[in-house]
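In this chain, residues are counted from 1 in sequence order. These numbers come from the heavy atoms of this one structure, side chains and all, not from hydrogens, waters or symmetry mates.
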Amino acid sequence: MFIQTLMMLARTGDFTIAVRAIGTDKSALSLVFVPAPKEGQEPALAQPICLTGTVEELEAGFASALGQYVEARASLADQVAATLTIR
């Protein structure tokens, strides 16, 4: 599921992922997704998202969380495009 979700995200644009084990016992992960701004895109749409949790938590909620993120970015991009056409 992880790779399928990454493919879905990659179809929306390029991004960088940073992965780090966290916690005193290094039992959790912090995943930071940083989208590359597209040419002519509002820079605010390239905000990173950080997902943090245990492997089990991330396995269970990763696809849903990133899906919501992609949908929100698309919605914001649509709003920006609509606003720019009004100018």
Side-chain angles (χ1 to χ4, degrees):
M1 187 58 117
F2 178 75
I3 299 300
Q4 289 174 342
T5 304
L6 290 180
M7 184 60 166
M8 174 190 70
L9 188 59
R11 287 183 177 134
T12 68
D14 296 338
F15 60 93
T16 302
I17 303 172
V19 180
R20 189 173 94 164
I22 60 172
T24 55
D25 59 356
K26 304 286 186 188
S27 63
L29 284 175
S30 175
L31 305 173
V32 180
F33 295 84
V34 183
K38 296 177 183 175
E39 187 175 327
Q41 181 185 46
E42 177 64 34
L45 294 176
Q47 292 299 311
I49 181 173
C50 180
L51 302 175
T52 303
T54 65
V55 171
E56 295 79 13
E57 291 169 336
L58 291 170
E59 288 284 352
F62 179 78
S64 174
L66 275 188
Q68 291 172 9
Y69 174 70
V70 169
E71 288 176 22
R73 282 189 67 213
S75 174
L76 288 172
D78 292 343
Q79 291 176 44
V80 169
T83 301
L84 292 175
T85 61
I86 294 172
R87 280 198 212 177

same_hphob_cluster(Ile17, Met7) at 4.5 Å side-chain heavy-atom cutoff: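 No: no chain of side-chain contacts under 4.5 Å links Ile17 to Met7.
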Nearest-0.5 Å distance that lies between atom CD in Glu57 and atom CG in Leu51: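 Rounded to the nearest 0.5 Å, the CD-CG separation comes to 11.5 Å.
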Other than Val34, which residues form its hydrophobic cluster under the rule that side-chain heavy atoms must be closer than 4.5 Å?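 Under the 4.5 Å side-chain rule, Val34 groups with Val32.
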Pairs under 3.5 angstrom only: tabulate donor-acceptor contacts from the side chains of residues 21-31 to other protein residues two or more places apart or in another chain.
from	atom 1	to	atom 2	distance (Å)
Asp25	OD1	Ser27	N	3.3
Asp25	OD1	Ser27	OG	2.8
Asp25	OD2	Ser27	OG	3.4

